[in-house]
Amino acid sequence: EHTVSIGTLGVELATEGPFSKNSKASYLVNYRYSTLAILQKFIDLGGTIPNYQDGSFKVNLPTKKAGTFTLWGLGGYNVATNTPEKDSSKWDTDHQNIKFDSKNHMYTGGISHQYFLNKDGYIKTVIAASQDKAGNDADTLNPGNNYEAISVQKSSMTNNALRASVMYNQKLSAKNTFRVGVIGQYWSYNMNQRYFDLPENRWKNMLEGDGNTQFYQGYIQWKTRLSQRLSVIGGVHGSYLALNGKSSIEPRASVTYQVNKNKLTLAAGLHSKP
């Protein structure tokens with residue numbers, strides 16, 4: 001199946017289906033491009049026009065004996081620029097002489113594997129990697145020197161992550177389900193942000209640093225169906241951040257009641273985060 005759609009945000013292309021008639025393997029691909037960025041090439045829209053592209057894919061690969069493998073990924077970037085007109089008489093505010101260039105991107109992808117140990121119990125494993133990066137440069141135009149661009153601010157921030165998780169889910173009976181899992185993450189970062197201090201006539205660092213750390217999590221939960229409409233989930237979640245050696249043990253619970261096609265849920269627990 002193939003689809004093409006045009007909206008105010010973007011032009012979107014999508015395709016999905018099996019690889020062949022004799023295969024259970026399937027795929028899904030989606031791509032989008034900024035509508036305004038396309039129109040800007042033919043029509044002067046004025047101002048700062050968002051320019052972005054993004055895409056995603058998913059490939060499902062079931063096997064006869066080794067479980068089901070899934071490859072997936074998504075990513076995108078956007079660019080925003082502003083170039084003031086070199087005529088100070090047309091600047092309505094003091095900030096209209098700012099020339100800036102902003103670029104951001106994000107990518108993530110990985111592989112998932114689900115394997116049934118028996119008809120009511122399975123193990124799911126996920127390995128993934130991601131990166132997000134942002135860069136911004138700002139200049140001022142100097143009308144007194146032929147509108148020369150003078151750099152006043154620069155920043156670059158990058159975050160990388162590797163993640164792996166394993167989860168075991170077992171349905172014990174029609175009323176009880178047990179689940180346990182662990183998650184490990186490795187983070188690295190590089191951040192720099194500085195600006196030019198006009199009164200002191202020198203550059204100053206607002207942010208400068210790089211490093212890495214690990215974050216580990218584990219959890220266990222039990223789900224009980226008390227009636228056809230009422231179910232209860234209770235569990236404990238633990239986490240440890242290697243950066244500062246802090247850990248937490250957090251009880252959590254929820255109650256869900258089915259009302260026709262709707263669900264009412266009340267949940268409580270401790271939730272910490274880095």
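Please read these numbers as outputs of a predicted model, since none were measured by experiment.
- Heavy atoms only, all atoms of each residue included: P18 and S23 are closest at CB-O, 4.2 Å.
- Using a 3.5 Å distance cut-off with no hydrogens or angles, the side chains of N159 and W187 do not pair a donor with an acceptor.
- Between the side chain of N118 and the backbone N or O of D120 there is at least one donor-acceptor pair closer than 3.5 Å.
- The backbone N or O of A66 sits less than 3.5 Å from a side-chain atom of H113, completing a donor-acceptor pair.
- Both V255 and V259 sit in one connected hydrophobic cluster of ILVMFWY residues. Membership requires side-chain heavy atoms under 4.5 Å apart, directly or through other members.
- The side-chain heavy atoms of R32 and Y52, taken from C-beta on, include a pair separated by under 4.5 Å.
- Side-chain atoms of T108 come within 3.5 Å of backbone N or O of A129 as a donor-acceptor pair.
- Rounding to the nearest 0.5 angstrom, the gap separating the OG1 atom in T70 from the NZ atom in K58 is 5.5 Å.
- Here Y216 contributes atom OH and I183 contributes atom CD1; the two are 13.0 Å apart, rounded to the nearest 0.5 Å.
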Determine, step by step, whether Y186 and N160 satisfy the side-chain contact (heavy atoms from CB on, under 4.5 Å) criterion, reporting the C-alpha distance in whole Å, the side-chain angles of both residues, the deciding distance to 0.1 Å, and the verdict. CA-CA 8 Å; Y186 172 84; N160 300 299; over 6 Å; no

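- Q221 is not listed as a side-chain neighbour of H237, based on a closest heavy-atom distance of 4.5 Å or more.
- At least one side-chain heavy atom of V79 sits under 4.5 Å from a side-chain heavy atom of Y77.
- Considering CD of E250 and OG of S272, their distance stands at 3.5 Å, rounded to 0.5 Å.
- Centroid-to-centroid, the aromatic rings of F57 and Y27 stay 6.0 Å apart or farther.
- At a threshold of 4.5 Å between non-hydrogen side-chain atoms, the residues D54 and L74 do not count as touching.
- Of all heavy-atom pairs spanning K65 and Y115, the tightest one is O-CE1, 3.2 Å.
- With rounding to the nearest 0.5 angstrom, the OG1 atom of T256 is 8.5 Å from the CG atom of L230.
- With hydrophobic clusters built from ILVMFWY side chains whose heavy atoms lie under 4.5 angstrom apart, V236 does not share a cluster with I233.
- Side-chain contact of Q131 with H105: a donor-acceptor pair under 3.5 Å is present, judged by distance alone.
- When only modelled atom types and interatomic distance are considered, Y240 and Q214 share no side-chain donor-acceptor pair under 3.5 Å.
- Clustering ILVMFWY residues whenever any of their side-chain heavy atoms sit less than 4.5 angstrom apart, transitively, puts Y195 in a cluster other than the one holding L198.
- Taking every heavy atom of both residues into account, G67 and T63 meet most closely at O-OG1, 2.5 Å.
- Remark: I127 CD1 is loosely packed, at most 12 non-hydrogen atoms of other residues, nucleotides or ligands lying under 6.0 Å away.
- Contact check for S151 versus F196: no side-chain heavy atoms found under the 4.5 Å cut-off.
- For the residue pair S254 and T265, the shortest heavy atom distance occurs at CB-CG2, 4.4 Å.
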Please assess Y33 against N51 for the test side-chain contact (heavy atoms from CB on, under 4.5 Å), listing each intermediate value before the final yes or no. CA-CA 8 Å; Y33 190 92; N51 183 344; 4.1 Å; yes

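- Following chains of ILVMFWY side-chain contacts shorter than 4.5 Å, one cannot reach V11 starting from V29, and the two form parts of different hydrophobic clusters.
- In this structure, W72 is not a member of the same hydrophobic cluster as Y107, with clusters built from ILVMFWY side-chain heavy atoms closer than 4.5 Å.
- Atom NZ of K204 sits in a crowded spot, with more than 12 heavy atoms from other residues, nucleotides or ligands closer than 6.0 Å.
- What you find for L270 and R252 is that their closest heavy atoms are O-NE, 3.1 Å.
- Counting heavy atoms of neighbouring residues, nucleotides and ligands inside a 6.0 Å radius, atom CD of Q228 does not exceed 12 of them.
- Remark: Y122 OH to Q170 CD distance equals 10.5 Å, nearest 0.5 Å.
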Between M157 and Y189, does a side-chain contact (heavy atoms from CB on, under 4.5 Å) hold up when you go through it step by step? CA-CA 8 Å; M157 302 187 183; Y189 64 91; over 6 Å; no

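- Residues W222 and V232 are not in side-chain contact: their nearest non-hydrogen atoms beyond the backbone lie 4.5 Å or more apart.
- Of all heavy-atom pairs spanning Q217 and S239, the tightest one is CG-CB, 4.1 Å.
- A 4.5 Å side-chain heavy-atom check between I123 and T125 finds at least one atom pair inside the cut-off.
- Proximity of S130 to R163: side-chain heavy atoms (C-beta onward) are separated by under 4.5 Å at one or more points.
- To the nearest 0.5 Å, atom CZ of residue F69 and atom CG of residue L61 are 8.5 Å apart.
- For the 3.5 Å distance criterion, the side chains of R194 and N205 fail to qualify, holding no donor opposite an acceptor.
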